[in-house]
Amino acid sequence: MAFETNGLAQREQQFIVGREHELKKFKQLLKENDLRRNTRILHIYGTGGVGKSTFLRLCQGIAEEVEACFVMLDSRDFVHTEDGFCTALLKLLMGKMKNNSHLVTLSDDVRENCITLVSQIAKERPLVLALDTFEEMMDMEAWFRDRFAPWLPSGTIVLLAGRHPLKGTWILSPAWRELIQQLPLSHLNRENSGKYAKLCGIQEDDRIEYLWKRSKGHPLTLSMAVAAQFYGEDTIVSSVSDWFEDVASRWLKEVPDDELRAVVEAASVLRRFNQELLSFVMEKDISIQVFNRLKSLSFVQQSVNGWQFHDLISEITSNQLRERAPGLYNRYKERSAYYYAEIVIASSRSRSTAWEIGELFRYADIKVLKAMTRDSTSSSYYWEAVTESTLADAAAYVEWRENCEEGVSGIEIDLDTGEQFLIDYPVEALRLSTGNFNISKLFQLAPESLKLLRDRDGRVHALSVIVPMHAGTLSWLEQDPICQPYLASLTSEERSQLEVTSARPAGWFMRIMDFVDLMDPALRTQAIHMIYAHMCMGGIFVCSPITTDITKKIYPALGLQVVEGAAHTNYDGNTITNTYAIDTRGNKLCDFIDTLFRKAGLDWKRTVKAFYPGVNEDRRTVLLKQFTTREQEVIECVVTGCSNAEVASRLFISEVTVKKHLKSIYVKLGISTRTQLVSKMMAES
């Protein structure tokens with residue numbers, strides 16, 4: 001939406017103080033004579049609530065005053081993949097094309113379309129690409145820097161806003177340093193805090209001084225404290241109370257009744273919400289009237305994946321709920337996990353479920369392997385896809401591992417049961433884990449296979465190599481000594497099912513999952529969550545880790561089974577190594593998630609009844625017994641809305657076979673249409 005330069009918007013700009021220097025830098029970029037020579041990057045950073053998003057909106061107004069094209073994305077509003085980013089950007093770019101005379105021919109490749117439209121728009125007028133909450137794009141930062149930014153047309157301005165300054169390659173490279181300006185958005189000083197208060201109608205010096213001292217110039221805190229006067233309250237609060245909670249309490253003055261307050265508390269547990277999700281989590285219908293009231297609150301804003309609270313109000317409100325009513329708080333989290341599990345099951349193999357898979361494991365609090373993992377709420381680590389500029393880091397990791405001189409030995413304990421687990425890897429075993437592995441060759445073939453686990457300072461803590469199985473990688477997999485035994489164990493029909501396109505892999509082979517410090521549970525947790533994500537994508541997940549006491553326990557606990565005929569001695573020539581696999585294609589994904597929830601002590605049947613209130617599980621189970629396993633899989637796909645083509649794709653069968661199964665199903669039920677089938681399965685009691 002274009003920045004509206006109407007009277008109200010102009011009046012709002014008059015209340016902005018303390019950002020003159022930063023706005024001047026942006027204006028200079030727009031006016032520079034050599035602008036058309038290079039892409040320029042302006043990165044503003046600062047703590048939450050310091051005004052980064054407001055700054056971007058001001059820049060939008062400035063850009064559009066000179067008829068520049070301004071496109072803004074929030075990193076939280078798209079799936080963090082190359083296709084996810086390009087799809088979101090393409091949607092915005094399509095709305096920026098000035099008229100039909102400049103329409104361009106688009107292809108089926110979303111990345112190519114982005115390049116085409118960006119180039120076309122840049123020919124017409126200056127182009128500004130803004131990206132908010134950049135700190136949440138750590139997993140795509142290397143791709144953004146190495147692949148996206150270089151193909152932008154000369155003269156493009158990239159405007160980034162995040163919580164932390166750019167580090168690593170951004171500043172180590174002289175070429176990047178030449179193109180980047182980094183500006184911290186600090187808290188307002190005493191003078192600007194006073195100026196803002198006076199603009200808002202507060203003239204008393206003692207009152208202004210008090211607001212300055214208590215807010216410490218934090219823009220959001222200051223603005224909410226100043227706004228408190230409009231509620232007819234004294235802004236002087238107890239010196240022993242937490243100032244931010246005082247601010248949140250004033251913000252929540254917009255929520256005067258208990259009904260809306262309860263909805264706000266439930267929504268604070270969710271990163272994104274909509275009417276359906278809130279109704280499911282709260283186990284009651286949220287009326288359109290109540291939801292509209294929720295949307296109208298000043299701290300609520302819309303995003304691609306629903307609606308969201310400002311980070312500050314969400315954090316404070318959810319913390320207060322957890323302290324006041326821990327049972328209710330945990331129930332909301334549990335229900336959220338159920339909700340996303342249903343979506344993952346209904347939409348397996350779809351790229352669009354990457355968000356839901358992440359949310360599922362964020363909320364589910366899966367308790368399997370408790371001794372191996374820890375609370376993963378910390379964001380100090382992130383997986384980064386290896387790119388051209390970081391391939392050397394991945395190669396250096398492999399070289400380091402192959403020359404390591406110390407093994408790993410320790411014990412982890414399940415704090416609930418007291419059971420102990422020995423983790424023991426001799427140095428020779430650690431070296432073998434990356435042996436006979438050509439990282440450069442795999443990068444040229446399937447770069448998406450390689451990921452590095454980094455911390456916020458850029459240090460590497462782990463290497464993951466998970467190779468997609470499709471027609472383009474089978475030759476490599478057959479030549480790799482660790483992957484080859486699995487392929488050799490397959491029947492010709494099973495092998496042919498792997499001959500698919502790279503866009504929809506049949507599965508993934510985890511070739512390497514290696515850590516600098518295997519005894520760090522935070523690192524192991526990151527790895528296990530990545531494994532879960534691949535296991536939930538509706539394909540085959542395979543691995544063949546070095547045999548140790550812990551690997552013989554951990555992979556079966558994850559839900560994988562030993563593959564018959566795929567054992568080998570290819571690590572050291574002597575030790576028998578099992579290959580493990582799990583198949584979550586079709587209805588098998590539901591079985592896998594069901595197993596996870598049962599191990600976590602959750603009632604999956606209760607979930608189904610809650611999500612589909614009309615279903616009587618016992619009667620439905622009886623009804624399904626008359627069908628073959630394949631017919632049951634077809635029924636489940638149809639009930640979740642799949643077309644015949646989608647059923648065929650999910651179950652790896654032809655559409656002709658799908659039609660044959662449906663004909664048999666219709667005869668057994670005495671019906672003639674898929675609509676009747678859905679109605680029968682959802683309403684039978």
Heavy-atom side-chain proximity of Leu487 to Leu498 below 4.5 angstrom:
yes
Tightest non-hydrogen contact, residues Trp508 and Ile466, listed as CB-CG2, 3.6 Å
Is there a donor-acceptor pair closer than 3.5 Å between any side-chain N or O of Ser433 and the backbone N or O of Leu430?
yes
I'd like to check Asp424 versus Val408 (side-chain heavy atoms, cut-off strictly below 4.5 Å). Are they in contact?
no
Closest heavy-atom pair and its distance - Trp400, Val516
CH2-CA, 3.8 Å
Please name the pair of heavy atoms, one in Val638 and one in Leu662, separated by the smallest distance, quoted to 0.1 Å.
CG2-CD2, 4.1 Å
Do the side-chain N and O atoms of His164 and Arg456 include a donor-acceptor pair separated by under 3.5 angstrom?
yes
Test: Lys167 and Glu141 ion pair at under 4.0 Å:
no
Any side-chain to backbone donor/acceptor pair from Thr569 onto Ile576? Under 3.5 Å, distance only.
no
Other residues, nucleotides and ligands only: do more than 12 of their heavy atoms fall within 6.0 Å of CD on Glu494?
yes
Evaluate side-chain hydrogen bond (donor to acceptor under 3.5 Å, both in side chains) for Asn578 paired with Tyr555, printing each intermediate quantity in order.
CA-CA 11 Å; Asn578 283 325; Tyr555 288 100; over 6 Å; no
Between Arg454 and Asp393, does the side chain to side chain contact (heavy atoms under 4.5 Å, CB included) criterion hold? Intermediate values first, please.
CA-CA 11 Å; Arg454 296 187 186 270; Asp393 293 341; 2.8 Å; yes
Report yes if the side chains of Ile653 and His661 come closer than 4.5 Å at any heavy-atom pair, otherwise no.
yes
Rounded to the nearest 0.5 Å, what separation is found between the CD1 atom of Ile423 and the CZ atom of Arg524?
4.0 Å
Can any side-chain N or O of Gln632 pair as donor or acceptor with the backbone N or O of Phe627 at less than 3.5 Å?
yes
Dump the intermediate steps for side chain to side chain contact (heavy atoms under 4.5 Å, CB included) on Asn438 and Trp476, then the final yes or no.
CA-CA 10 Å; Asn438 188 325; Trp476 186 94; 5.7 Å; no
To the closest 0.5 Å, what do you measure between CG (Asn113) and OG1 (Thr87)?
9.5 Å
Taking the side chain from Arg585 and the backbone from Leu651, do they hold a donor-acceptor pair closer than 3.5 Å?
no
Take Val542 and Met469 through the side chain to side chain contact (heavy atoms under 4.5 Å, CB included) test and state the conclusion after the steps.
CA-CA 10 Å; Val542 190; Met469 294 190 291; 4.0 Å; yes
Salt-bridged, Lys588 to Glu633, with N to O below 4.0 Å?
no
Ignoring hydrogens and angles, tell me if any N or O in the side chain of Asp520 forms a donor-acceptor pair with the backbone of Ala522 under 3.5 Å.
yes
Quick one, His80 with Phe78, criterion ring pair (Phe, Tyr, Trp, His ring centres under 6.0 Å). Give me CA distance, side-chain angles, the key distance, then yes/no.
CA-CA 6 Å; His80 284 194; Phe78 56 85; 5.4 Å; yes
Please step through side chain to side chain contact (heavy atoms under 4.5 Å, CB included) for the pair Val118 and Leu127, ending with a clear verdict.
CA-CA 8 Å; Val118 165; Leu127 175 62; 3.6 Å; yes
With distance as the sole test, does Ser119 use its side chain to make a donor-acceptor pair with the main-chain N or O of Ile115 at under 3.5 Å?
yes
Heavy atoms, side chains only, cut-off 4.5 Å: are Pro468 and Ser449 in contact?
yes
Side chain Asp146, main chain Thr387, donor-acceptor under 3.5 Å:
no
Are the side chains of Leu477 and Tyr486 in contact, using a 4.5 Å heavy-atom criterion?
no
Please round to the nearest 0.5 Å and tell me the distance separating atom OH of Tyr425 and atom OG of Ser409.
11.5 Å
Check the orientation of Trp151 and Phe148. Use parallel for under 30°, tilted for 30 to 60°, and perpendicular for over 60°.
perpendicular
Phe144 and Val158, any side-chain heavy atoms less than 4.5 Å apart
yes
Quick one: pull up OG1 in Thr547 and NE2 in His568 and give me the separation to the nearest 0.5 Å.
7.5 Å
Look at atom CD of Gln561 and say whether more than 12 heavy atoms of other residues, nucleotides or ligands are closer to it than 6.0 Å.
no
So, Thr551 side chain and Pro545 main chain: donor-acceptor pair closer than 3.5 Å or not?
no
Is it the case that the side chain of Thr579 and the backbone of Val563 share a donor-acceptor pair, with hydrogens and angles ignored and the cut-off at 3.5 Å?
no
Could you go through the side-chain hydrogen bond (donor to acceptor under 3.5 Å, both in side chains) check for Thr116 and Gln120 one step at a time?
CA-CA 6 Å; Thr116 300; Gln120 180 63 47; over 6 Å; no
Hey, could you give me the OG1/CE distance between Thr81 and Met140, rounded to the nearest 0.5 Å?
6.0 Å
Using only heavy-atom distances, determine whether the side chains of Ser440 and Gln444 contain a donor-acceptor pair under 3.5 Å.
no
Nearest-0.5 Å distance that lies between atom CG in Asp514 and atom CG in Leu463:
7.0 Å
Are any of the side-chain heavy atoms of Phe85 and Leu73 separated by less than 4.5 Å?
yes
Between Tyr382 and Met137, is there a donor-acceptor pair closer than 3.5 Å when you use the side chain of the first and the backbone of the second?
no
Is the shortest heavy-atom distance from the side chain of Leu453 to the side chain of Met530 under 4.5 Å?
no
